[in-house]
Amino acid sequence: MDVRSLGFGQLLCEPAVMPGSGEDAWDSLCRGVSDLSEGHVVREVCGRVERAGGSPEPMSLASNVDVLNLSRGEESPGVVLWLSERTEGRPFSRAAWVVWGLPRPSLNLFLLPILTSLTDAIIAVGTVDDIHAILTSKSLVNKRIDIDVRVEKVVTPLTYRIYPDTPLREVQHLLVRRDLSTVPVVGANHEILGVITVSDILPHMLPSKEMLGTRARQPVAARDVMTRAVLCVSEDELLVEAGRSMIARGVSRLPVVRDAELVGFLERDTVMRAFADTILPPRRPRAG
C-alpha cells in the first residue's frame, strides 16, 4: 500500500452497520453477509476466512463487544460494525467490529483505541440510523489510522539528557529522582554518544573496598561509565523491523535518531502492545 495513513471514514465499508442474529459475532456475520450481493467485498472476505477452515479469534473491547480481525494483509482495509438483535432494556445485546487488511501494529495502536472510544456511545443509541450519524461525523471520519507504522509515530520523546562531563553524582541523582532506568549521553549537537543505565552506575554507588580510596580521590564523569556502542533506530524505520532489532539485542528500549540527532526512545512495551493478540481486557459489567 502506497499511503501511510487513512482517515477512519475511508475504512468504513457499505453497509458499515450490519444488524443480524446468531450464536456469536462470527456466526451472525456469516449469516448476514449472505444477504449481500455477489462480489461484495465484505462477503468475499468472510468467504475466504470460511474456506480457510477457521474462524477469527475475537478480541474483547467490552463485556458484550468484540473485534473480529479478518486480516491477511492483502485486502483493502475495511471496518464493519455488526449488531445483534435488540433486547428489552438495551438496543442491542451484542456488537462486533469486523476489520481486515490492516497490519497488527496499525490495528492495535491506532484503530482499536478509536473503536473502544466509540463502543459505549454506539451500543447505547436506539437505531441503525443513529449509529450511521455517529460513524459519519466529521470529527470521526477525519481521524487518521496509520497503515505503515513507523517508529516516529510511537517514539517516547526525549525528556532528559546528560553530557560527557556531567558528574556521575548528578547522573545518579537524576536516575533516582526521576525514576529512570536509562539516560542518554549526548554531544554538543545532541548526537548520541552513549547511554548510562542503572546497571552501569550501581557499581560506582556501591564500590568495593579496594575501590573506595581510589574513587574518593578521582571524580567520575558520565564519559567514564557510559556504554558507547549503542544500537540506534531511525524514526523513519518500520516498527516491525525496529522490534526485531530490539529482540535480537535483548534490550528494553532503543534510542531513536533523526539525522543523527537523538529525539527519543522506542520502548519494549510499545512494541509488545503493537503486536499483542489482545490489548484490552473485557470490562466488568456494571453492578445493578
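The figures here come from the full heavy-atom set of this structure, side chains too, leaving out hydrogens, waters and symmetry mates. Note that the numbering runs from 1 along the sequence shown for the chain.
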ILVMFWY cluster, Val155 and Val257 together (side-chain gap under 4.5 Å): no
For Arg161, look at atom CZ and say whether over 12 heavy atoms of other residues, nucleotides or ligands are found less than 6.0 Å away. yes
side-chain contact (heavy atoms from CB on, under 4.5 Å) evaluation trace for Leu135 with Ile122: CA-CA 9 Å; Leu135 295 179; Ile122 284 178; 3.9 Å; yes
For the atom pair OG1 (Thr182) and CG (Leu254), what is the distance rounded to the nearest 0.5 Å? 10.5 Å
Any heavy-atom pair between the side chains of Val49 and Pro56 that's under 4.5 Å? yes
Would you check, one step at a time, whether the test side-chain contact (heavy atoms from CB on, under 4.5 Å) holds for Val186 with Glu261? CA-CA 9 Å; Val186 300; Glu261 179 181 337; over 6 Å; no
Does this structure show an ion pair linking Asp148 with Arg150, if we count only N-O contacts that are shorter than 4.0 Å? yes
Please tell me if the side chains of Val149 and Leu238 come closer than 4.5 Å, counting only heavy atoms from C-beta onward. no
Do Val225 and Leu202 belong to the same hydrophobic cluster, where Ile, Leu, Val, Met, Phe, Trp and Tyr are linked whenever their side-chain heavy atoms lie under 4.5 Å apart, directly or via other members? yes
With rounding to the nearest 0.5 Å, note down the distance linking SG in Cys46 to NE2 in His40. 10.0 Å
Output for pair (Leu83 CG, Ile131 CD1), nearest 0.5 Å, gives 4.5 Å
When you measure from the side chain of Asn142 to the backbone N and O of Lys138, does any donor-acceptor pair fall under 3.5 Å? yes
Exercise: identify the closest heavy-atom pair between Val230 and Val195: CG2-N, 3.9 Å
Passes side-chain contact (heavy atoms from CB on, under 4.5 Å), Phe8 versus Ile114? Steps please. CA-CA 9 Å; Phe8 181 75; Ile114 292 177; 4.2 Å; yes
Taking all atoms of both residues into account, what is the closest heavy-atom pair of Val17 and Pro19, and its distance? O-CD, 3.7 Å
Interatomic distance, Ile196 atom CD1 to Leu175 atom CG [nearest 0.5 angstrom]: 7.5 Å
Quick check: closest heavy atoms across Ala222 and Val185, and the distance to 0.1 Å? CB-CG2, 4.4 Å
Find out if a path of hydrophobic residues (ILVMFWY) with successive side-chain heavy-atom gaps under 4.5 Å connects Phe265 to Leu193. no
Quick check: does any side chain N or O of Ser5 sit under 3.5 Å from a backbone N or O of Asp146, one acting as donor and the other as acceptor? no
Short side-chain to backbone donor-acceptor contact, Thr119 and Leu115, under 3.5 Å: yes
Among Leu109, Asn108, Val240, Leu107, the one residue meeting side chain to side chain contact (heavy atoms under 4.5 Å, CB included) with Phe275: Val240
For a 4.5 angstrom cut-off between non-hydrogen side-chain atoms, does Phe110 reach Pro105? no
Under 3.5 Å donor-acceptor, Arg228 side chain and Arg223 backbone: yes
The side chain to side chain contact (heavy atoms under 4.5 Å, CB included) partner of Leu262 among Asn189, Ile192, Val256 is Ile192
At their closest point, which heavy atom of Tyr163 faces which heavy atom of Gly187, and how far apart are they? CE2-O, 3.7 Å
Side-chain heavy atoms nearer than 4.5 Å, only ILVMFWY residues, links allowed to pass through others: does that put Ile134 and Leu11 together? yes
Closest approach of Val42 to Cys13 (non-hydrogen atoms, all atoms of both residues): CG2-CB, 4.3 Å
Hey, mind stepping through Glu50 and Trp26 against side-chain contact (heavy atoms from CB on, under 4.5 Å) and telling me if it holds? CA-CA 10 Å; Glu50 281 193 300; Trp26 174 241; 3.7 Å; yes
Using side-chain heavy atoms (C-beta onward) and a distance below 4.5 Å, is Leu180 in contact with Leu174? yes
Shortest non-hydrogen pair, Glu235 vs Arg258, comes out as OE2-NE, 2.7 Å
Any chance you could measure Arg253, atom CZ, to Glu267, atom CD, to the nearest 0.5 Å? 4.0 Å
Please examine the side chains of Leu70 and Val98, heavy atoms only from C-beta on, and report whether any two atoms are closer than 4.5 Å. yes
Kindly work out whether a path of hydrophobic side-chain contacts (I/L/V/M/F/W/Y, heavy atoms less than 4.5 Å apart) joins Leu266 to Leu231. yes
How about Arg144: does its CZ atom have over 12 heavy atoms from other parts shown lying under 6.0 Å from it? yes
Is a donor on one side and an acceptor on the other found under 3.5 Å between the side chain of Asp236 and the backbone of Glu152? no
Does any non-hydrogen side-chain atom of Asp66 lie less than 4.5 Å from one of Met59? no
Main-chain N/O of Pro167 paired with Glu170 side-chain donor or acceptor, under 3.5 Å: no
With the threshold set at 4.0 Å, does a side-chain nitrogen-carboxylate oxygen contact exist between Asp269 and Arg273? no
Side-chain (Ser28) to main-chain (Ala25) donor-acceptor, under 3.5 angstrom: no
Would Glu241 and Arg244 pass as an ion pair if we require N to O under 4.0 Å? yes
Quick one: OG on Ser137 to NZ on Lys143, what's the gap to the nearest 0.5 Å? 9.0 Å
Exactly one candidate in Val99, Leu111, Ile145 meets side chain to side chain contact (heavy atoms under 4.5 Å, CB included) with Ser106; the answer is Ile145
Around atom CG of Asp259, are there more than 12 heavy atoms of other residues, nucleotides or ligands at under 6.0 Å? no
Would you indicate whether the side-chain heavy atoms of Leu29 and Met18 approach each other to under 4.5 Å? yes
If you define the side chain from C-beta out and look only at heavy atoms, does anything of Leu118 sit under 4.5 Å from Trp97? yes
